[in-house]
Amino acid sequence: MTLVDTTASTVGGPGLPQERRLVTEIPGPRSREIHARKQAAVANGVGVTLPVYITAAGGGVVVDADGNSLIDLGSGIAVTTVGNSAPEVAAAVTAQVNAFTHTCFTITGYEGYVEVAEALNRLTPGDHAKRSALFNSGAEAVENAIKVARSYTGKQAVVAFDHAYHGRTNLTMALTAKSMPYKSGFGPFAPEVYRAPLSYPLRDGGLTGAEAAKIAITQIEKQIGAANLAAIIIEPILGEGGFIVPAEGFLPALVAWANANDVVFIADEVQSGFGRTGDMFASEHEGIVPDLVVTAKGIAGGLPLSAITGRAEIMDAPHAGGLGGTYTGNPLACAAALAAIELYEQGDLLARARRIEEIIREKFAAAADPRIAEVRGRGAMMAIELVDPATGEPDAGLTSRVAAAAHADGVVLLTCGTYGNVVRFLPSLAISDELLGEGLDVVIAALARA
Ligand SMILES: Cc1ncc(COP(=O)(O)O)c(C=O)c1O
């Protein structure tokens with residue numbers, strides 16, 4: 001089986017052309033009408049980045065209620081990596097929905113859940129004995145990873161890093177760094193969560209990975225103490241915090257220290273996992289072997305599924321009944337995951353992600369805009385950080401204007417970063433070179449105008 005043919009008309013359902021096509025202003029009248037109803041019916045806290053309302057999607061496009069076809073450079077935040085409505089995923093889910101939709105795995109099981117666990121145990125870094133447990137969202141899986149680490153070590157403290165994002169539930173809000181919009185007004189937060197400094201090569205004065213790790217480890221030892229620390233959790237490439245790639249050597253030093261100190265090392269690969277970075281998991285780039293790996297997003301081609309996978313002795317620490325939930329490892333999501341995993345394993349998706357990185361780097365190198373302080377990331381998880389070139393200060397205003405202009409020109413574009421000055425690119429691996437190139441040209445033109 002290969003990656004969906006991005007030139008074929010079957011991508012994302014029969015007859016969805018892979019093109020940017022604007023037939024109204026963005027958002028168009030039908031989307032504006034639905035958006036007005038959204039404002040009246042949906043809680044204000046549920047914000048919308050680009051208020052177009054989607055009726056079909058596939059390959060590298062989303063089609064809205066007015067018939068506009070937009071180039072999708074966000075993949076629903078790194079979820080539809082194998083394509084939106086990928087035919088193999090759609091077929092697997094259709095077969096499953098006709099067989100049964102739910103039993104609750106912890107009441108009566110089904111093979112699909114076990115198969116997903118087996119696949120995760122096989123695919124995640126390291127060849128030690130592993131176990132997996134399935135959940136619904138990334139945040140839920142992160143919470144459970146912390147539960148497992150505490151149960152195994154008998155310790156309570158957890159370290160997360162500057163710029164981290166781990167979710168919006170109470171414990172994951174505590175782990176997340178940025179206040180607005182994720183935490184502000186929602187405290188008190190879970191106790192025994194501590195923050196350590198990250199390696200951020202553009203902004204930490206060019207510390208090496210080893211130097212940055214030494215600073216972080218010293219702080220952890222002095223302010224918490226390994227004797228109290230259950231787990232370190234980190235995104236191997238930080239997502240919402242700004243697609244920050246820690247300097248080479250930072251992650252391996254943290255893993256070595258955690259291993260030597262009975263501290264569980266948790267890699268949050270919710271955004272960076274499943275082929276996104278050109279490796280199956282971003283941890284593989286430096287050869288680190290996390291004790292626990294948290295996955296979600298790209299795992300199931302758009303259906304809600306998340307997981308934790310890790311060393312058997314750690315994962316088996318909680319008592320039976322301690323992990324689970326009504327919908328965890330839902331059969332439809334498991335069927336979707338097995339189809340998506342087959343695409344990751346049998347297609348050339350990792351090479352595709354690396355090719356996407358080349359295209360993005362070439363485009364921005366050619367643009368040579370002094371306001372781009374850095375082009376960074378790996379594979380199909382890339383970003384540009386925008387600054388005032390005179391001072392090097394983050395330019396969030398410019399970033400919002402670029403995103404707004406790209407939206408108006410028919411490109412779904414996401415921003416991120418602690419300072420709000422990072423434009424991120426998370427295209428589906430099913431996007432064609434031409435469509436990706438056109439989307440990037442729109443962004444570069446928006447930057448030139450902004
Ligand atoms: C690294 C990381 N961890 C956790 C989460 C939370 O996942 P979810 O939104 O599925 O709860 C996200 C979501 O963006 C993420 O990027």
Side-chain angles (χ1 to χ4, degrees), residues 45-49 74-81 124 133-149 158-178 181-183 186 189-190 193 195 198 231-246 251 265-277 281-283 285 290 292-309 325 327-330 333 336-337 340 377-383 414-418 420 422 424-426:
V46 184
V48 174
T49 300
S75 299
I77 321 187
V79 170
T80 51
T81 312
T124 48
L134 306 185
F135 302 95
N136 299 292
S137 69
E140 190 184 5
V142 168
E143 292 242 0
N144 278 279
I146 304 296
K147 281 167 64 175
V148 168
V158 179
V159 162
F161 285 80
D162 286 337
H163 311 288
Y165 181 85
H166 297 290
R168 286 181 165 99
T169 57
N170 188 264
L171 176 53
T172 58
M173 275 194 296
L175 295 168
T176 290
K178 192 172 177 178
Y182 308 123
K183 304 168 70 166
F186 299 137
F189 303 113
V193 173
R195 198 160 305 286
L198 181 75
I232 287 176
I233 182 164
I234 189 165
E235 303 151 79
I237 295 181
L238 280 84
E240 308 301 300
F243 280 33
I244 303 161
V245 184
L251 295 171
F265 183 90
I266 305 171
D268 179 346
E269 294 248 19
V270 166
Q271 192 155 165
S272 61
F274 279 99
R276 217 357 98 189
T277 63
F281 296 98
S283 295
H285 184 79
L292 301 181
V293 179
V294 185
T295 51
K297 291 192 184 279
I299 190 174
L303 272 83
L305 188 72
S306 63
I308 49 177
T309 302
Y327 294 111
T328 51
N330 169 268
R378 276 188 211 120
M381 183 173 182
M382 297 293 297
L414 307 179
T415 62
C416 65
T418 297
V422 178
R424 56 175 154 171
F425 303 96
L426 290 164

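As the structure lists them, so they are numbered: ligands from 1, and atoms in each ligand from 1.
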Give a yes-or-no answer on whether the side chains of Ser272 and Glu235 include a donor-acceptor pair shorter than 3.5 Å.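 No.
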Look up atom CG in Leu305 and atom CD in Glu140, then write down how far apart they are to the nearest 0.5 Å.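 Going from CG on Leu305 over to CD on Glu140, the span is 10.0 Å.
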Separation between OG1 of Thr169 and CD of Glu143, rounded to the nearest 0.5 Å: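 One gets 3.5 Å once the value is rounded to the nearest 0.5 Å.
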Check for me whether Lys297 has a heavy atom closer than 4.0 Å to any atom of ligand 1.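 Lys297: in contact with ligand 1 (<4.0 Å).
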For Tyr327, does the OH atom sit with more than 12 other heavy atoms under 6.0 Å from it, leaving out its own atoms?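 Result for OH/Tyr327: open.
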Shortest protein heavy-atom distance from atom 6 (C) of ligand 1, along with the residue and atom involved: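 The answer is Ala139 N, 3.6 Å.
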Just to confirm my output: which protein heavy-atom neighbour is closest to atom 16 (O) of ligand 1, and how far is it?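 Checking every protein heavy atom, the shortest distance to atom 16 (O) of ligand 1 gives Gln271 NE2, 2.8 Å.
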Check against salt bridge (charged side-chain N to carboxylate O under 4.0 Å, His left out), Glu240 and Arg424: CA-CA 9 Å; Glu240 308 301 300; Arg424 56 175 154 171; 2.8 Å; yes
I need the nearest protein heavy-atom contact for atom 10 (O) of ligand 1: residue, atom name and distance, please.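 Answer for atom 10 (O) of ligand 1: Gly138 N, 2.8 Å.
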Please work out whether any backbone atom (N, CA, C, O) or any side-chain heavy atom from C-beta onward of Arg168 is under 4.0 Å from ligand 1, and answer side chain, backbone, both or neither.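 Within the 4.0 Å criterion, Arg168 makes no contact with ligand 1.
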Mark whether atom 14 (O) of ligand 1 lies under 4.0 angstrom from at least one protein heavy atom.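 Under 4.0 Å from atom 14 (O) of ligand 1, at least one protein heavy atom found.
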Report the part of Glu240 (side chain from C-beta onward, or backbone N, CA, C, O) that has a heavy atom under 4.0 Å from ligand 1; answer both or neither where that applies.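 For Glu240, the contact with ligand 1 is made by the side chain alone.
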In this structure, does ligand 1 have an atom that sits under 4.0 Å from one of the heavy atoms of Ile77?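 No, Ile77 has no heavy atoms under 4.0 Å from ligand 1.
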Steps toward ring pair (Phe, Tyr, Trp, His ring centres under 6.0 Å) verdict (Phe274, Phe281): CA-CA 6 Å; Phe274 279 99; Phe281 296 98; 5.3 Å; yes
Minimum-distance protein heavy atom relative to atom 3 (N) of ligand 1: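 Ranked first by proximity to atom 3 (N) of ligand 1 is Asp268 OD2, 2.7 Å.
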Return the CD1 to CE distance between Ile237 and Met381, rounded to the nearest 0.5 Å.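 Rounded to the nearest 0.5 Å, the CD1-CE separation comes out at 5.5 Å.
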What atoms of ligand 1 come closer than 4.0 angstrom to any heavy atom of Glu235?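 It comes down to these atoms of ligand 1: 1 (C).
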Does Ser137 have a heavy atom less than 4.0 Å from any atom of ligand 1?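 Flag set, Ser137 near ligand 1.
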Considering non-hydrogen atoms of the protein only, which is the closest contact for atom 4 (C) of ligand 1, and what is the distance?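 Checked against all protein heavy atoms, atom 4 (C) of ligand 1 sits closest to His166 O, 3.3 Å.
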Can you check whether Leu198 reaches Ile234 side chain to side chain, under 4.5 Å on heavy atoms?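 Yes, their side chains come closer than 4.5 Å.
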